[in-house]
Amino acid sequence: MSDVVQAWRRIENWLHQHQCVGDLEALRPPASEEAIRALQDTVPYSLHPHLVEWLHIHDGAIQECSIWPFRYSPVKAEGMRGGPEHFREAFDDFRSEFTDDDLEPEGPEGPWDPPDAYEFWIPVAVTNTGEYLAVDHRPGDTYGTVREIDFEGSDVWGVIRWRNLGELFDEIADSLESGSGVRGRGRTYRHVPQVIEVPPTITAPDLFAVPVVTGGDPVNRLDWRIE
């Protein structure tokens, strides 16, 4: 059993123990083999095993999901397919700003970190303000790492937060079980888990999967506070 599967079972167990089942219901069923093959066909390299294992567990989220900290929600395999192209367009825009000012941008791993780095980045989660977590497929030391990319901030080239998805899920599981919080590499703060009560909701597909508040007793939900 892989680190991804083991860690995710621990996460699910904690959510059930704390009656936060609505968080699990926000996730989609496993991706089909056809969806995974379609994703694989869009890139000229093999998908990292941890990414495939995650898709075999859940194919993204139906709506905003609070299980992943730092406001990240997992994306579908279908959404991952356009990731490298999206990153390329964002890099081209960023590069043109420097070129217009006759400046030579420099990334943390060298010029443009390198120029084609985005071709090897598969997005796995995104926030509602456009930050991404992406699995790096470049050969070498960065292979399999989970990078945080923020085109509106200072992390355009991406900052490596976890060695792989297994380490990310392990840190989430450890955080839930101990209450210690999730940080990842390089952050000065962490997200600490807490259980809050919220009004019950249903998902309305005709409203673009927007959760609609319904009547009834409050339900438990996993939340993260910053420390």
Side-chain angles (χ1 to χ4, degrees), residues 1-30 48-75 122-129 131-136 141-150 153 155 158-201 211 217-227:
M1 188 184 305
S2 75
D3 292 342
V4 170
V5 175
Q6 288 179 327
W8 191 256
R9 285 187 177 178
R10 292 168 58 199
I11 293 168
E12 286 187 332
N13 287 339
W14 188 94
L15 292 169
H16 282 294
Q17 290 170 8
H18 292 79
Q19 300 179 343
C20 297
V21 294
D23 293 300
L24 291 172
E25 293 170 356
L27 295 168
R28 295 181 183 275
H48 192 275
H50 283 193
L51 181 59
V52 176
E53 289 165 3
W54 164 244
L55 289 172
H56 278 138
I57 299 173
H58 289 292
D59 186 19
I62 299 172
Q63 60 195 47
E64 185 176 344
C65 176
S66 63
I67 298 176
W68 294 45
F70 304 104
R71 300 180 297 111
Y72 281 101
S73 288
V75 300
I122 303 295
V124 67
V126 64
T127 70
N128 58 8
T129 52
E131 295 92 354
Y132 286 89
L133 293 181
V135 178
D136 195 333
D141 294 340
T142 64
Y143 177 69
T145 56
V146 180
R147 306 177 75 97
E148 185 172 40
I149 303 166
D150 180 6
D155 300 331
V159 175
I160 295 175
R161 298 299 187 190
W162 295 275
R163 289 181 300 174
N164 48 54
L165 280 175
E167 184 179 76
L168 165 59
F169 290 145
D170 268 336
E171 188 173 354
I172 295 175
D174 290 344
S175 170
L176 294 176
E177 292 169 354
S178 68
S180 58
V182 178
R183 178 174 296 182
R185 303 180 186 185
R187 284 199 182 91
T188 57
Y189 63 94
R190 53 188 178 152
H191 271 203
V192 177
Q194 60 185 357
V195 176
I196 61 173
E197 286 190 341
V198 299
T201 61
D217 296 330
V219 296
N220 287 350
R221 182 181 178 184
L222 169 63
D223 190 37
W224 301 89
R225 71 177 187 273
I226 297 176
E227 286 190 359

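The model shown is predicted, which means the values in this text are computed figures rather than measured ones.
Asp23 pairs with exactly one of Leu15, Val219, Ile11 by the side chain to side chain contact (heavy atoms under 4.5 Å, CB included) rule, that one being Leu15.
Of the inter-residue distances, the one linking Gln17 atom CD with Glu12 atom CD reads 12.0 Å to the nearest 0.5 angstrom. Put simply, CH2 on Trp224 and CD1 on Ile67 are 9.5 Å apart, with the number rounded to the nearest 0.5 Å. Between atom CZ of residue Arg10 and atom CG of residue Asp174 there is a gap of 4.5 Å, rounded to the nearest 0.5 Å. Atom CH2 of Trp68 is separated from atom CG of Leu27 by 9.5 Å, given to the nearest 0.5 angstrom. Distance NE2/His56 to CG/Leu51: 10.5 Å, rounded to 0.5 Å. Here CD1 of Ile226 is found 4.0 Å from NE2 of His191. Values are rounded to the nearest 0.5 Å.
A salt bridge links Glu148 with Arg187: the closest approach of a Lys/Arg side-chain nitrogen to an acidic carboxylate oxygen falls below 4.0 angstrom.
Taking each heavy atom of Ala173 and Ala7 in turn, the nearest pair found is CB-O, 3.9 Å. Between His18 and Asn220 the shortest heavy-atom distance is O-ND2, 3.0 Å. Residue Thr145 comes nearest to Thr142 through the heavy atom pair OG1-O, 2.6 Å, listed as atom of the first residue, atom of the second, then distance.
A donor-acceptor pair under 3.5 Å is absent between the side-chain atoms of Glu53 and the main chain of Val5, judged by distance alone.
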Residues Ile57, Trp54; criterion side-chain contact (heavy atoms from CB on, under 4.5 Å); working and verdict: CA-CA 5 Å; Ile57 299 173; Trp54 164 244; 4.2 Å; yes

Candidate pair Leu176 and Leu222, rule side-chain contact (heavy atoms from CB on, under 4.5 Å), full reasoning: CA-CA 9 Å; Leu176 294 176; Leu222 169 63; 3.8 Å; yes

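The aromatic rings of His48 and His50 lie perpendicular to each other, with more than 60° between the two planes, well past the 30° mark. Between His58 and Trp8, the ring planes are perpendicular. Angles over 60° get that label, and only those under 30° would be called parallel. Using the six-membered ring where Trp is involved, Phe70 and Trp162 have ring planes that are tilted, between 30° and 60° apart.
Residue-environment remark: CZ (Arg163) stays at or below the threshold of 12 foreign heavy atoms within 6.0 Å. When the shell of 6.0 Å around CG of Asn13 is examined, it contains more than 12 heavy atoms from other residues, nucleotides or ligands. Under a cut-off of 6.0 angstrom, the local environment of CD in Gln19 is sparse, with at most 12 non-hydrogen atoms contributed by other residues, nucleotides or ligands.
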